[in-house]
Amino acid sequence: MKDIILKLENMSKSFGPTKAVQHVSLELQRGQIMALIGENGSGKSTLMSMVTGSLKSDEGTMFYKGEPYSPKSIIDAGNQGICILIQETGTINGLTVAENIFLGKESRFTVGVSISSRKLNEAAQELLDSVGAPHISAKQLIDELSFEERKLVEVCRALSNDPELLIVDETTTALSHTGREKIYALINSLKEQNKSVIFISHDLEEVQRVCDCAFILRDGQYIDTLFGEDVTPDMMRQRMIGRELSGSYYRDEKSYSTDESVLEVRDINYADVLHNISFRLNKGEILGLGGLTECGMHELCKVVFGAIKPDSGEVVLSETGVKVTSPSIAIKNHIAYLPKDRDQESVFLMTSIKDNITVTSLDNLKKGIFISPRSEKKLAVDAADELAVKMQNVEQFAKELSGGNKQKVVVAKWMANDSRIIIMDCPTRGIDIGVKATIYKLMEKLISEGKSIIMVSEELPELLGMSDRILIMKDGVINGQFSRSDNLTERMLIEKII
């Protein structure tokens, strides 16, 4: 007889006319690792938000460990043993690491009438050590940590509840290889303890490696569940999009790259992160940057955009000789930057889609000192339509969009500004295969128009499939350079990465 830890019956949730989840039922067994997959907007996060208490269902019933289950909040769900690791940052600035780990659970460390900071910090440090993060101090401010280190703090927060069900919502896409391995080890440890995991990921090879089964949603509806040997990327893609997806969805073999330089990076040094970095970007080229997360490639993007001032060296536009020393100079000269951390650095979540798209184009819209609301709206609508953003209208708040549609809005913002050099830091992180294909087609369209792209990616197939030239970074230096070729393999890149 099956030992069911979580059972959902007929779950539904709508937002106005949008039916996000429609009559979905699910059974999760103890000791099972279940993938929850589907394209952006398929209802995955909405369904899990109901399970974790951050959303109330319109209809349906939930059972946890055989009892009716209706959590009042994420904290309430956590206290009952259901915890979630989210894709974007889930920590609170201004608090210490320990305070973030035990937020809402400080009473565990009460001595008399006050909280014992010593006991709080000791317990937090023990959790940090257990997940392979002893370099993080429980006493330091969360603000001092990198995005990846914050994710490990969130892992500790989940573990502090001794969860019986852990939901991993696109967390691994933000992590380096080392960070991912720590999450995989945690998942396997929970399975060995007969605990359960719901694993949300757009990386289907990762799903195949990690999960026992795959529960598939499309347009808010249940489609199928795959088990065992059927959990393959091809089978999952076919169920997710409703048709067979054959061949590669990367760019074709045609090259638009010329010998005309548009940007030169000269002898960049920055802190202990970048050392004597020099390269040039050509017109019509996709220049790929690859390496481990800590190799310096993400910081290099910010230097090129003028967001980080290097200790020495310069970034120069080849045609005009203009030196890029600030984001305002970059934007004025039609340079775009899509950061890796979308919600923190790229999208204004509490403003409209229209405001997000037009923010870099306001000077172009001005007539004298005035901006026509009609012109502003038309620019936003045209840019959103070109990228097929799934939305109610351009007045909808950006926070209400799925991850893939947020990324489309980010891209639309820079397309509206007629950007000619586009810096893309992990442009397809955390988005589904359909949105990936849209972005890849757009990238090919841009280079066919003579525009140029610097693309950072932690996915080797993406680097190989999209780049004209690949620079591999290691420990802050360029450790290898490769031209596009049928003979170029992942192994050849890995030899320069590791």
Side-chain angles (χ1 to χ4, degrees), residues 45 48-55 71-110 114-163 165-176 179 182-183 186 200 293 298 339-351 397-401 403 406 429-430:
S45 293
M48 290 301 99
S49 292
M50 291 186 280
V51 171
T52 55
S54 56
L55 281 177
K72 299 178 179 62
S73 65
I74 286 182
I75 292 176
D76 182 27
N79 289 336
Q80 295 186 59
I82 296 182
C83 298
I84 185 168
L85 302 176
I86 61 173
Q87 178 182 355
E88 306 301 344
T89 302
T91 49
I92 299 175
N93 288 342
L95 300 180
T96 67
V97 170
E99 288 166 343
N100 266 280
I101 290 174
F102 291 109
L103 187 65
K105 301 184 282 285
E106 298 87 351
S107 59
R108 296 184 188 179
F109 307 100
T110 300
S114 61
I115 295 170
S116 168
S117 295
R118 180 181 62 82
K119 289 180 179 293
L120 179 76
N121 290 330
E122 285 177 354
Q125 196 64 54
E126 187 176 331
L127 284 168
L128 289 163
D129 294 348
S130 74
V131 300
H135 62 287
I136 300 175
S137 169
K139 299 177 183 179
Q140 70 186 116
L141 281 176
I142 199 75
D143 312 52
E144 300 170 4
L145 302 186
S146 68
F147 185 81
E148 177 158 333
E149 288 170 329
R150 287 182 180 222
K151 286 285 125 191
L152 295 176
V153 171
E154 290 173 42
V155 170
C156 292
R157 184 165 62 202
L159 291 180
S160 72
N161 283 311
D162 191 21
L165 168 56
L166 179 66
I167 301 165
V168 181
D169 188 356
E170 285 290 350
T171 303
T172 53
T173 59
L175 302 179
S176 67
K182 288 175 181 175
I183 298 291
L186 168 63
I200 303 175
T293 292
H298 305 298
K340 177 182 179 181
D341 190 351
R342 184 170 52 231
D343 280 13
Q344 292 293 314
E345 300 182 64
S346 208
V347 180
F348 300 109
L349 295 173
M350 300 305 294
T351 59
F397 275 18
K399 69 172 185 175
E400 298 172 1
L401 300 178
K406 285 178 189 170
R429 178 179 75 85

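Being a predicted model, the structure only gives us computed values, none of them experimental.
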Requested in this report: First locate atom CD of Q80, then atom NZ of K72, and finally report the distance between them rounded to the nearest 0.5 Å.
Outcome: 8.0 Å
Query - Check against side chain to side chain contact (heavy atoms under 4.5 Å, CB included), I92 and I142 - result: CA-CA 7 Å; I92 299 175; I142 199 75; 5.9 Å; no
Query raised in the report: Roughly how far, to the nearest 0.5 Å, is OG of S160 from CG of N100?
Result: 11.0 Å
Requested in this report: State, yes or no, whether a side-chain contact exists between L85 and K151 at a heavy-atom distance under 4.5 Å.
Outcome: no
Requested in this report: Determine the minimum heavy-atom distance between H135 and Q140, stating which atoms define it.
Outcome: O-OE1, 4.3 Å
Query - N161/K105 under side chain to side chain contact (heavy atoms under 4.5 Å, CB included): CA gap, chis, key distance, verdict - result: CA-CA 9 Å; N161 283 311; K105 301 184 282 285; 3.4 Å; yes
Query raised in the report: Are the side chain of T52 and the backbone N or O of I74 linked by a donor-acceptor pair below 3.5 Å?
Result: no
Query raised in the report: Minimum heavy-atom separation for F102 to R108, with atom names?
Result: CE2-NH1, 3.9 Å
Query raised in the report: Roughly how far, to the nearest 0.5 Å, is the OG atom of S114 from the CD atom of E106?
Result: 13.0 Å
Query - From C83 atom SG to D162 atom CG, the distance as rounded to the nearest 0.5 Å - result: 9.0 Å
Report task. Write down the atom of V347, the atom of A398, and the distance for their closest heavy-atom approach. Result -> CG1-CB, 3.6 Å
Query raised in the report: If you round to the nearest 0.5 Å, how far is CD of E154 from CD1 of I84?
Result: 10.5 Å
Query raised in the report: Charged N to carboxylate O under 4.0 angstrom, R118 versus E122?
Result: yes
Query raised in the report: Does some side-chain heavy atom of V131 sit less than 4.5 Å from a side-chain heavy atom of L127?
Result: no
Report summary line: All heavy atoms of M48 vs all of I200, minimum pair found to be CG-CD1, 3.7 Å
Requested in this report: Walk me through it: do N121 and K139 pass the test side chain to side chain contact (heavy atoms under 4.5 Å, CB included)?
Outcome: CA-CA 6 Å; N121 290 330; K139 299 177 183 179; 3.6 Å; yes
**Report entry** side chain to side chain contact (heavy atoms under 4.5 Å, CB included) assessment of I101 paired with Q125
**Finding:** CA-CA 10 Å; I101 290 174; Q125 196 64 54; over 6 Å; no
Report task. Return yes if some donor-acceptor pair links the side-chain N/O of K340 with the main-chain N/O of H298 below 3.5 Å, else return no. Result -> no
Report task. Determine the minimum heavy-atom distance between A158 and P163, stating which atoms define it. Result -> O-CD, 3.2 Å
**Report entry** E144, CD: over 12 other non-hydrogen atoms inside 6.0 angstrom
**Finding:** yes
Requested in this report: Quick one: closest heavy-atom pair of L128 and S137, and the distance?
Outcome: CD1-C, 4.3 Å
Query - N79 CG to S73 OG distance, which is reported to the nearest 0.5 Å - result: 7.5 Å
Report task. Using a 4.5 Å cut-off on heavy atoms from C-beta on, say whether the side chain of L145 contacts that of L152. Result -> no
